[in-house]
Amino acid sequence: MVEPDADGTAATAVVDSLVRDQAPPPQHSMNNSDGVLVRVRTLLPEFTGALQRVAEQVLTDPAAASRATIVELAERSGTSPATVTRFCRALGFDGYADLRLGIAAETGRARASGWTVDIGREIQPSDPLERVLGQIMAADTRAKHDTASLLDLAEVELAAVAIAAAPRVNIFGASGSALVGEEMQFSLHRIGVAAWAWTDVHNGLASAALSRAGDVALGISHSGETGETIELLAEASSRGATTIALTSFPRSPLAELADIVLLTATQATTFRPDALSARHPQLVVLDLLYVAVAQRTHERSHAAFQRTAQAVHGHKAVKDGSSAP
């Protein structure tokens with residue numbers, strides 16, 4: 001059933017604000033070079049009602065959307081052609097033809113690369129592990145490719161320079177984000193960067209309160225809405241620390257608070273919703289940031305890595321058995 005052109009005040013207000021604000025907040029905005037589907041996923045939480053249904057239809061079957069007429073897409077999403085037109089403008093396109101071309105080009109590249117097989121298909125309880133593995137690999141590969149297109153390397157550069165010069169780096173995250181933060185702390189620690197990963201709010205707040213100008217605070221949250229992480233980053237910011245947010249949503253509270261924003265994309269599958277599927281893209285971004293820091297502190301990092309490797313060498317298993325009792 002096709003809805004009338006009036007899609008509700010809330011939905012219209014969201015799009016009107018997106019279209020009207022030709023210059024989004026000067027920091028951390030998206031641009032038209034981003035992949036179409038990445039933009040749709042990033043803006044999805046801001047859409048309501050009819051606009052959200054169009055976005056979900058496009059994400060559910062991008063190939064079909066690239067072939068559909070504007071009337072067909074409206075019918076499949078239970079909306080109207082006028083809503084689809086507003087949806088296109090919210091994404092930065094002049095009209096539906098441009099949206100179709102963008103999706104077609106993106107899905108065509110994906111098919112040529114061979115990494116979109118079965119993306120979007122629900123994993124069934126009876127699926128063999130071979131199919132499940134293929135689904136997970138395809139989804140993770142897609143998420144990493146999308147993250148690469150979404151990530152602003154200038155922001156990575158700023159973050160690397162700040163961390164390389166920082167006397168102290170605090171890393172904040174909760175639940176799955178905490179695990180990612182601990183991995184980053186481990187990497188930085190091995191190259192001599194004074195870094196701490198905090199999962200307890202009280203300890204984290206105490207450390208954030210001791211921050212000074214020149215220190216860095218990194219907050220990790222897929223949604224950008226985790227209250228504890230926002231509180232910790234805000235405390236560090238109030239003490240003069242440079243703040244970095246790692247999130248999937250550029251207009252989230254965490255992103256708006258941070259000086260530097262590093263964006264990730266996700267590709268959910270059954271049993272692996274966005275918050276869980278965000279882990280691997282987050283690790284990719286943090287690995288890039290870690291290497292960028294090591295590059296900018298090469299002599300110090302190389303020496304530290306050699307010393308730390310030598311320190312733990314004696315605890316490795318003896319392969320030739322010469323020292324075994």
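- Minimum interatomic distance between I230 and P253 (heavy atoms only, all atoms of both residues): CD1-CB, 3.7 Å.
- The two residues P167 and A194 have their closest heavy-atom pair at O-CB, 3.5 Å.
- Scanning both residues, Q282 and V180, for their nearest heavy atoms gives OE1-CG2, 3.4 Å.
- Using a 4.5 Å cut-off on side-chain heavy atoms (C-beta onward), W196 and R168 make contact.
- Here the side chains of L263 and T247 are in contact, with some heavy-atom distance below 4.5 Å.
- R296 has its side chain within reach of E157: a pair of non-hydrogen atoms, C-beta onward, lies under 4.5 Å apart.
- With contacts defined as side-chain heavy-atom distances shorter than 4.5 Å, the pair V84/T79 qualifies.
- H222 and F249 make their closest contact through O-CD1, 3.2 Å (heavy atoms, listed as atom of the first residue, atom of the second, distance).
- Proximity of L210 to R239: side-chain heavy atoms (C-beta onward) are nowhere separated by under 4.5 Å.
- When every heavy atom of A159 is checked against every heavy atom of L289, the shortest pair comes out as CB-CD1, 3.7 Å.
- Annotation: side chain of V285 is in contact with side chain of T147 (closest heavy-atom distance under 4.5 Å).
- Taking 4.5 Å as the limit, every side-chain heavy atom of H189 sits out of range of all side-chain heavy atoms of T308.
- Using modelled atom types, one side-chain atom of R100 and one backbone atom of S66 make a donor-acceptor pair closer than 3.5 Å.
- No donor-acceptor pair under 3.5 Å is formed between the side chain of S207 and the backbone N or O of N203.
- Residues E235 and S238 share a closest heavy-atom pair of O-OG, 2.7 Å.
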